2 protein chains.
Amino acid sequence: MILLEENTNYTEILKREGMKSTRHRNAILLLLEQSEHPITAEELYISLKGKTATINLSTVYRTLDTFASKNLVIKSTMDDGKARYELNHHEHKHHLFCVGCHKVISIEDCPMGELQESLKKKIDFDVTGHKLEIYGYCHNCKKG
Amino acid sequence: MILLEENTNYTEILKREGMKSTRHRNAILLLLEQSEHPITAEELYISLKGKTATINLSTVYRTLDTFASKNLVIKSTMDDGKARYELNHHEHKHHLFCVGCHKVISIEDCPMGELQESLKKKIDFDVTGHKLEIYGYCHNCKKG
DNA sequence: ATTCATGCAAATTATTTGCAGCTTC
DNA sequence: GAAGCTGCAAATAATTTGCATGAAT
């Protein structure tokens with residue numbers, strides 16, 4: 001589990017994971033770090049095309065897959081059929097999706113702790129991870 | 001929110017939702033009811049081809065979409081890129097995905113209750129729904 | 001120098017759509 | 001008989017892959 005802090009040297013992190021440090025990889029890590037919410041491969045690609053000379057969508061996908069396999073990023077596939085990627089910060093976070101304005105709010109609360117223990121005891125299931133997405137109305141979008 | 005019980009007449013349910021009762025729709029509802037865990041469109045299609053004379057994959061997708069729009073079924077898209085569908089039973093369930101044998105175990109525990117209240121109080125966010133998927137190793141697949 | 005990363009184009013996979021014919025109400 | 005289903009084939013959309021070239025160690 002890697003903790004990326006501001007001003008972290010990406011080359012270090014990449015090296016530590018046995019990956020070469022390239023312009024694209026550094027750029028992708030930077031963008032992921034700057035984004036407050038999970039982002040699609042295509043969104044990354046579009047941002048990158050503006051900044052980096054050339055980059056190919058395949059490269060974005062390949063890079064994200066590699067990062068995901070090293071647990072540097074977390075991939076979540078939404079019901080719109082597109083996967084979103086976010087940095088795997090050390091702190092465990094979940095996201096509130098406002099169904100009114102589509103804003104995404106990150107929270108640090110996670111209710112899994114007790115459930116995890118209970119599953120272990122009740123049915124001998126060892127939890128290794130989970131995905132929780134919460135939908136609802138934010139302060140501004142409340143009905144009424 | 002519709003509760004489907006054993007021996008429910010699907011025609012009734014379909015009519016109530018303003019949908020015509022057809023052989024395919026009934027067959028799909030039956031299969032969904034018989035399946036203990038969320039199932040892909042293709043899995044449904046394959047099962048149906050064995051039983052019903054002919055059915056087309058498009059029809060399966062269209063039917064599932066229609067059902068989902070009436071809240072008869074719940075669609076969840078997984079990281080393997082395939083959507084799974086399940087009946088929207090009144091009881092709220094979650095699923096454990098074994099990363100060893102890919103078995104799916106349904107549980108009725110849900111840890112959202114307190115978090116929901118706390119989000120309401122802390123940041124005035126009204127939760128209307130959530131998705132929780134849990135990954136790990138089942139009894140048979142435990143490492144070691 | 002060797003190993004790994006990338007661009008490009010083409011392939012794959014899941015899902016959607018247009019339209020003509022066929023069931024339900 | 002009108003409105004709504006369904007099959008079929010073709011279109012999309014997201015993601016993956018093969019291969020030749022280019023860059024990092």
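Computed from a predicted structure; not experimentally measured. Letters A, B, ... mirror the listed sequences (proteins, then strands); counts begin at 1.
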Between A/K70 and A/E17, does any NZ, NE, NH1 or NH2 come within less than 4.0 Å of an OD or OE carboxylate oxygen? no
Ignoring hydrogens and angles, state whether a donor on the side chain of A/D79 or B/S76 is under 3.5 Å from an acceptor on the partner side chain. no
Take atom CG of B/L48 and atom P of D/dT6, then tell me their distance rounded to the nearest Å. 11 Å
Rounded to the Å, how far apart are A/H24 NE2 and C/dG7 C1'? 9 Å
For B/E42 and C/dT16, what is the distance between atoms CD and P respectively, to the nearest whole Å? 14 Å
When you match B/T63 and A/S21 each to their closest nucleotide on DNA chain D, which lands nearer the 5' end? B/T63
Could you go through B/H94 and A/H130, starting from their C-alpha distance and side-chain angles, then the distance that decides it, and tell me whether this counts as ring-ring contact (aromatic ring centres under 6.0 Å, His included)? CA-CA 11 Å; B/H94 290 297; A/H130 66 272; over 10 Å; no
What is the distance from CD1 of B/I55 to P of D/dG7, rounded to the nearest Å? 6 Å
Ignoring backbone atoms, test whether B/Y61 places a side-chain nitrogen or oxygen under 4.0 Å from the OP1 or OP2 oxygen of C/dT16. no
For a side-chain contact (heavy atoms from CB on, under 4.5 Å) check, start with the C-alpha distance between B/V104 and B/L96, then their side-chain angles and the critical distance, and finish with the verdict. CA-CA 6 Å; B/V104 181; B/L96 309 178; over 6 Å; no
Find which nucleotide of DNA chain C each of B/M19 and B/D65 is nearest to by heavy atoms, and output the residue with the more 5' nucleotide. B/D65
Does D/dC5 have OP1 or OP2 under 4.0 Å away from a side-chain N or O of B/K20? no
Looking at B/R84, B/E36, B/E133, B/E86, which hits side chain to side chain donor-acceptor pair (under 3.5 Å) with B/H95? B/E86
Donor/acceptor link under 3.5 angstrom from B/S58 side chain onto base of D/dA10: no
A/T22 side-chain N/O to C/dA5 phosphate OP1/OP2 under 4.0 Å: no
Across the strands shown, which category fits A/A83 at heavy-atom distances under 4.0 angstrom: base, sugar-phosphate, nothing? sugar-phosphate
May I ask you to verify if any side-chain N or O of B/R25 is less than 4.0 angstrom from the OP1 or OP2 atom of D/dC5? yes
Integer-rounded Å distance: D/dT6 C1' and B/R23 CZ: 10 Å
The residue, A/G81 or A/T11, whose nearest nucleotide of DNA chain D is more 5′ is A/G81
How many whole angstroms separate atom CZ of B/R62 from atom P of C/dT17? 9 Å
Expressed in angstrom and rounded to an integer, what is the separation of B/E43 atom CD from C/dA14 atom C1'? 13 Å
Quickly work out the A/L57 CG to D/dA14 P distance and round it to whole Å. 10 Å
